[in-house]
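Worksheet: the structure to be examined is printed underneath.
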Amino acid sequence: MKWGEPVLTTVLDKKSATQVLTEMTINQPKKRVGIMGGTFNPIHNGHLIMADQVGTQLGLDKVLFMPNATPPHVDLKKAIDGRTRARLIRRAITGNPLFDLETLELQRGGKSYSYNTLLALTQLHPDVEYYFIIGADEVEYLPTWYRIDDLLQLTTFVAVKRKGHEQLSRYPVIWVDSPMIEISSTDIRRRIKYGQSIRYLVPEAVEDYIKEHKLYQDDKKD
């Protein structure tokens, strides 16, 4: 055996291919992915601006829009079916490589607790570091979230600043600036119900789908 060969050969012989692959995976930097959850009933330009600002300012690899099945709120919002909301999201994000759709909560059904969702995602994708995007108005409610202390072990919260909401929290939160766009899904549904324009409030492809399928025209049904 030549001088110099034994060292390299010995090291490789002590490790299986699986061990070497595992070490390579561990040593690789994790992907950084934002999660923007919500009912999206319907998705609008305010959602898209918020997600884009967080994604680009934090340099995330992806921002996933994740429509919930049933929001775990006391004041339940009646929404159109999840598949249709997902179709609207797909139309809204087409053309932006930063964005993608995550349908885990729709597939699972039932109440969409963020802890259960992030636990499943981190188990499915251990190579990903998740950032959960919320509005500044939601920060004060964090103490009421299901298993919030455990959830904080699975994700980092990112809040988008809003006027009238102080940047205070007992929990670690990354604060991000974003243009103040006062658009709400509730207002869009009201406008559709009364035959008013929603142009420039939602992407054109979303507006076309809503008109084509006559969504939200009777908000009692939606």
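The figures here come from the full heavy-atom set of this structure, side chains too, leaving out hydrogens, waters and symmetry mates. Since the model is a prediction, treat every value here as computed from it, not as a measurement.
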- Query: OH of Tyr171: more than 12 outside heavy atoms within 6.0 angstrom?
  - Reply: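 More than 12 within 6.0 Å, yes.
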Practice prompt. Using a cut-off of 6.0 Å, state whether more than 12 heavy atoms not belonging to Lys161 lie near its atom NZ.
Written response: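 Enclosed: over 12 neighbouring heavy atoms sit under 6.0 Å from NZ of Lys161.
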Exercise for review: Determine, stepwise, if the pair Leu142 / Trp145 fulfils side chain to side chain contact (heavy atoms under 4.5 Å, CB included).
Suggested key: CA-CA 5 Å; Leu142 286 179; Trp145 282 38; 3.8 Å; yes
Open item on the list: Show, in sequence, the C-alpha distance, side-chain angles and deciding distance for His125 and Tyr130, and conclude whether the side chain to side chain contact (heavy atoms under 4.5 Å, CB included) test is met.
Closed with: CA-CA 10 Å; His125 309 288; Tyr130 287 100; 3.4 Å; yes
Hey, does the Lys NZ or Arg CZ of Arg91 hover above the aromatic six-ring of Tyr209, less than 6.0 Å from the centre and inside 45° of the axis?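 Checked: cation-pi criterion not met.
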Using the rule given for side chain to side chain contact (heavy atoms under 4.5 Å, CB included), can you reason through Leu119 versus Asn116, listing the C-alpha separation, both sets of side-chain angles and the distance that settles it, and then say yes or no? CA-CA 5 Å; Leu119 182 62; Asn116 294 338; 5.6 Å; no
Exercise for review: Taking only Lys NZ, Arg NE, NH1 and NH2, and the carboxylate oxygens of Asp or Glu, determine whether Asp177 and Arg162 approach each other closer than 4.0 Å.
Suggested key: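 No, no charged N to carboxylate O under 4.0 Å.
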What are the two closest non-hydrogen atoms of Ala79 and Asn41, and how far apart are they?
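Closest heavy-atom pair between Ala79 and Asn41: CA-ND2, 3.4 Å.
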How many angstroms lie between atom [atom1] of [X] and atom [atom2] of [Y], to the nearest 0.5 angstrom?
X: Thr122; Y: Leu154; atom1: OG1; atom2: CG; result: 5.0 Å
X: Ile198; Y: Glu204; atom1: CD1; atom2: CD; result: 11.0 Å
X: Leu106; Y: Thr103; atom1: CG; atom2: OG1; result: 6.0 Å
X: Met36; Y: Ile134; atom1: CE; atom2: CD1; result: 11.0 Å
X: Phe132; Y: Thr156; atom1: CZ; atom2: OG1; result: 12.0 Å
X: Ser114; Y: Asp150; atom1: OG; atom2: CG; result: 13.0 Å

Could you see if [X] belongs to whatever hydrophobic cluster contains [Y]? Use Ile, Leu, Val, Met, Phe, Trp, Tyr and a side-chain cutoff under 4.5 Å.
X: Val173; Y: Tyr146; value: yes
X: Val160; Y: Val158; value: yes
X: Ile35; Y: Phe65; value: no
X: Tyr141; Y: Val139; value: yes

Using modelled atom types and a 3.5 Å cut-off, is there a donor and acceptor pairing between side-chain atoms of Lys111 and backbone atoms of Ala69?
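Absent.
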Within the distance-only criterion (no hydrogens, no angle test), does the side chain of Ser185 pair as donor or acceptor with the backbone N or O of Phe40 below 3.5 angstrom?
->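 No; zero donor-acceptor contacts below 3.5 Å.
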Residue pair Ser184 / Asp187, side-chain donor-acceptor N/O under 3.5 Å: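 Per modelled atom types, Ser184 and Asp187 side chains form no pair under 3.5 Å.
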Quiz prompt | Qualifying residue, where the test is side chain to side chain contact (heavy atoms under 4.5 Å, CB included) with Val33 and the options are Leu121, Leu64, Val63, Asp100 | solution =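 Only one option passes, and that is Leu64.
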### Task
Take His213 and Thr84 through the test side chain to side chain contact (heavy atoms under 4.5 Å, CB included) and record every step on the way to the result.
CA-CA 10 Å; His213 295 272; Thr84 302; over 6 Å; no
* Leu215 vs Pro42 side-chain heavy atoms within contact, under 4.5 Å ->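 A side-chain contact under 4.5 Å is absent here.
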Please tabulate, one pair per line, all N/O donor-acceptor pairs under 3.5 Å involving side-chain atoms of residues 43-54, not counting sequence neighbours.
residue	atom	partner	partner atom	Å
His44	ND1	Gly46	N	3.0
His44	ND1	His47	N	3.4
His44	NE2	His47	NE2	3.4
His44	NE2	Ile183	O	3.4
Asn45	ND2	Tyr200	O	2.9
His47	ND1	His44	N	3.0
Gln53	OE1	Gln57	NE2	2.8

- request: Tell me, please, which residues at least two apart from Arg83 pass side-chain hydrogen bond (donor to acceptor under 3.5 Å, both in side chains).
  value: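 Scan of Arg83 (side-chain hydrogen bond (donor to acceptor under 3.5 Å, both in side chains), adjacent residues dropped) gives none.
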